[in-house]
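Below is one structure, written out as C-alpha cells; comments come after it.
Starting from 1, each residue takes its place in the sequence as its number. Note that ligands are numbered from 1 as they come in the structure, with each ligand's atoms numbered from 1 the same way.
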Amino acid sequence: MKKVLITGALGQIGSELTSKLRNEYGINNVIATDIRYIENSEVAKDGIFETLDVMDIDSMALIAKKYNVDTIIHLASLLSAVGEQNPQFAWKLNMGGLTNVLEVCKELNCKLFTPSSIAAFGASSPKDLTPQDTIQRPSTMYGVTKVAGELLCDYYFNKYGVDTRGVRFPGLISYVTPPGGGTTDYAVDIYYEALKNKKYDSFIAKGTKMDMMYMPDALAAIVDLIEADGSKLIHRNAFNITAMNFDPEEISAEIKKHIPDFEFGYNVDPVRQAIAESWPNSLDASCAVNEWGFKFEYDLAKMTKDMLEKLKSKGIGINN
Ligand code: VAH
C-alpha cells in the first residue's frame, strides 16, 4: 500500500485509522473522505480531506484518479442498531457504497479492504468458537449486508481479480470517536459514564457474552491484512478476528478495580439485546493467525486501564 483512500474517515474506525496511516505512510499518501465535513477535526485539518458520498461513483472515481491511489479502505456503513431503524436505507448505503467501491477498484486496479462483522453470523451459527466457515443467516439488515458484502468481495476477486480482503470485526472499543448506532457500544458508553457519573445501566443484559477488541488492535489488523502476501491467503472475505470476549458483569468488575464506588445496573434495550443474542459468544480466529499472522495486544484488563487513562486525559469525568 502506497497511496490510500479511506471512506467514512470521520467514523469510529476511520478517525483513528486516518491518523495512524498518516503517521506510517506519510500525510500526502492518505486521502481521507467522508460525506460530512467537520472543520476542527484532526481528520479534516491534519492532511488531505475530500468530502465524498460513497453513493456517488463518479466522484469516488474522480478522487481516486486525482490522487492515483492504489488502495481503498471502505468503512462508510450503517451499523446494526441504527440499520434496524431504517433497513431499506441500510441496504442501499451498505451495498450501494460497496458496489461502487468494487467497480472503482476494478477500473483502477486498486486493492480493497472493507470490514465485515460478527454480525454476519446469526442464531443458527455455532455460538462458541464460531468457525471461519459455517452457516451465516443473520437476522439484522446490517448482518445481511455484511454477508452479501463478503460474497460480493469474493466474487470480484474470483471474477475480475480485484484484490479484496476483509475481517469480521468484533465490537470495537475506542476513546477517540464515540461509535454510532452499534449493539456493542454499551462497552464504550460504560467507560464514559463510569468516569462522568460513576454509574451506568447497561442496555445489554447480564450474561450476554460478545467478542470485543480494543481499537489499536483493530487498526493493526487492518494494516497487517492489507500488507499480507496475497498468495498465502486461503480466505479473503472475511477473516474471523477477536481479542477478548466478555459480558457486562465482567467489564463492570474490571472498571470497579479502578473506580471502586462505580454503580452498575441494567436497563435492557430489547432491540439491541435481541441482536446481541443472535451473535456468537466467541469466534475461532485460527485462520487469520495461520494465513496472515493476526495477533492482538490488549485484553480486558489492559484495555480498561488504558481507556480510563486516555479518557481522563481528554477531560472526561472532570465535572462533565
Ligand atoms: C455494531 N459495533 O454493534 C458494531 C459491530 C460487532 C458489532 O459490527 O453494530
Residues clustering with Tyr37 (ILVMFWY side chains joined when closer than 4.5 Å, directly or via others):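 Other cluster members: Leu10, Ile38, Val43, Phe49.
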
Neighbour count above 12 (heavy atom, 6.0 Å) for Gln273 CD: yes

Closest candidate by heavy atom, reference atom 7 (C) of ligand 1, pool Tyr142, Trp279, Tyr186: Trp279

From Ile118, Val188, Ile173 - option closest to atom 6 (C) of ligand 1 by heavy atom: Ile118

Within reach of ligand 1, part of Ser117 (heavy-atom separation under 4.0 Å):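 Ser117 to ligand 1: side-chain contact only, backbone stays beyond 4.0 Å.
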
Pro170 contact mode with ligand 1 (heavy-atom cut-off under 4.0 Å): backbone

Nearest heavy-atom neighbours spanning Arg236 and Thr164: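 Closest pair (atom of Arg236, atom of Thr164, distance): NH1-O, 3.1 Å.
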
Same cluster (ILVMFWY, side-chain, under 4.5 Å), Leu102 and Tyr160: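 Yes; tracing contacts between hydrophobic side chains, which count when under 4.5 Å, links both residues.
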
Pairwise distance CD1(Ile73) to CZ(Arg165) - rounded to 0.5 angstrom: 11.5 Å

Pull out every atom of ligand 1 sitting under 4.0 Å from any heavy atom of [X], numbered as shown with elements.
X	answer
Ser80	1 (C), 3 (O), 9 (O)
Leu79	9 (O)
Thr183	1 (C), 3 (O), 9 (O)
Gly171	6 (C)

Test: Lys196 cationic atom under 6.0 Å from Tyr192 six-membered ring centre, within 45° of axis: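 No cation-pi geometry.
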
Min heavy-atom dist Ala119 to ligand 1 below 4.0 Å: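 The answer is no: ligand 1 sits nowhere under 4.0 Å from a heavy atom of Ala119.
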
